[in-house]
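Quick notes on the structure that follows.
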Number of protein chains: 2
Amino acid sequence: MEITRQTDYAIRCILYLSGKQDQPTVVDEIAQEMSIPKSFLSKIVQKLSRAAILESFRGSKGGFKLARKPAEISLLDVIEAMQGTAAANKCAVDKAQCNLSCTCIVHPVWIELRKQTEDYLRGINFENLHPKAY
Amino acid sequence: MEITRQTDYAIRCILYLSGKQDQPTVVDEIAQEMSIPKSFLSKIVQKLSRAAILESFRGSKGGFKLARKPAEISLLDVIEAMQGTAAANKCAVDKAQCNLSCTCIVHPVWIELRKQTEDYLRGINFENLHPKAY
DNA sequence: CTGATTATGGAAATCACTCGTCAAACAGAT
DNA sequence: ATCTGTTTGACGAGTGATTTCCATAATCAG
Ligand code: SF4
Ligand code: SF4
């Protein structure tokens, strides 16, 4: 379940928006503030809004803001929006990925690991994440 | 912690060797039996013997066999031998990978996730894995 | 000793995916 | 209409995984 840099950026981005609720924020600002390449960030917020985690507004006075409360966005949500799934091995996503999966003895291990990981990440949202430090 | 195909092969390979204890087995045989490209498998068993998980014997009647009992080889051992670590995010391996790590609020999450994952995988060895099915 | 057998090690080809850029098209506000 | 800022798709460098090939070294059997 390698966390890709894209996902890491996404998390930083949502973290930033958690502090600026309600008024839309421009990509440029987030990019500078969080040191993320701007054009790359464009792609990221796009994905996030398609996943209904962010809401986008075009035109002047446009930008992005959270589509739900920080407490209702979990780390797992973000990871799944960005890279599909939090599984370690392809066969834990889809049995068909490996033709041995029906007989393979290791297969259940990855399934279980995936469950554990997801449970943990589901429990972490941007409400209980944000205010602790900073 | 994406499980790479190399690691998956390594696991299948050790699984096979768990059933053939004591007499060395030739790479060719493992490759055919487990449907792994032979030349690639050569590289894999090499890594595994450098990690003291397999033992190698040259010459005729040579081959590979487990260096320890199946019960003493955990999934975590294999993963670490093959891909270094079982962490999801680079910063969980080495703080220096990210210059934000000292202030980042998400950092501890990855550390904790890594611990959980490792604990789980450490508990699974090739003794309690192998005989269940087959 | 000789020859067959098998692992070792390095170089390199191929492939897929990630990271990041660019530019043109589109939509909202004034 | 114009300005601002998002949307979208195409594109390219770079990185790492996967895989093959070959020349070399060690070991065993005769
Ligand atoms: S061999 Fe087993 S563990 Fe590996 S991908 Fe196939 S089903 Fe999953
Ligand atoms: S930003 Fe935080 S979570 Fe992401 S790599 Fe850096 S320390 Fe880790």
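The chains referred to below are lettered A, B, ... by the order of the sequence lines, with proteins before strands, and numbering in each begins at 1.
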Return the residues of residues 43-56 of chain B meeting this criterion: a heavy atom under 4.0 Å from some atom of DNA chain C. Order them by number, or give none.
B:K43, B:Q46, B:R50, B:S56
Looking at C:dA7, C:dG20, C:dG28, which one has an atom nearest to any side-chain atom of A:S60?
C:dG28
Rounded distance (Å) that lies between atom C1' of D:dA26 and atom NZ of B:K61
18 Å
Hydrophobic cluster identity match, B:L76 and B:Y120, side-chain contacts under 4.5 Å
yes
Need to verify one output field. Residue with the more 5' nearest nucleotide on DNA chain C, B:F64 or B:K90?
B:F64
B:T4-B:Q83 side chain donor-acceptor pair, cut-off 3.5 Å
no
I need the CD1-P distance between A:I36 and C:dT18, as an integer number of Å.
18 Å
Roughly how far apart are B:L121 CG and B:I79 CD1, rounded to 0.5 Å?
4.5 Å
Is A:R58 side chain donor-acceptor paired with the C:dA29 base, going by distance under 3.5 Å alone?
no
In short, A:D8 meets B:W110 closest at the heavy-atom pair OD1-NE1, 4.4 Å
d(CD, B:Q23; P, D:dC28) in whole Å:
16 Å
Do you know which two heavy atoms are closest between A:L113 and A:A88, and how far apart they sit?
CD2-CB, 4.2 Å
Tell me: CZ of B:R12 to P of D:dT18, nearest whole Å?
12 Å
Tightest non-hydrogen contact, residues B:V109 and A:L75, listed as CG1-CD1, 3.7 Å
So which of A:K115, A:R122, A:Q116, A:R114 actually passes side-chain hydrogen bond (donor to acceptor under 3.5 Å, both in side chains) with A:E118?
A:R114
Whole-Å gap separating P (D:dT8) and CZ (A:F40)
17 Å
Kindly compute the distance separating CD1 (A:I14) from CD1 (A:I44), expressed to the nearest 0.5 Å.
10.0 Å
Return the value, rounded to whole Å, for the distance between atom NZ of A:K38 and atom P of C:dT21.
10 Å
Interatomic distance, B:D28 CG vs C:dT8 P [rounded to whole Å]:
14 Å
Any side-chain donor-acceptor pair under 3.5 Å between B:Y16 and B:E29?
yes
Starting at CZ of B:F57 and ending at P of D:dC28, how long is that distance when rounded to a whole Å?
10 Å
With the threshold set at under 4.0 Å for non-hydrogen atoms, list the residues of residues 2-9 of chain B touching DNA chain D in residue-number order.
B:T4, B:R5, B:Q6, B:Y9
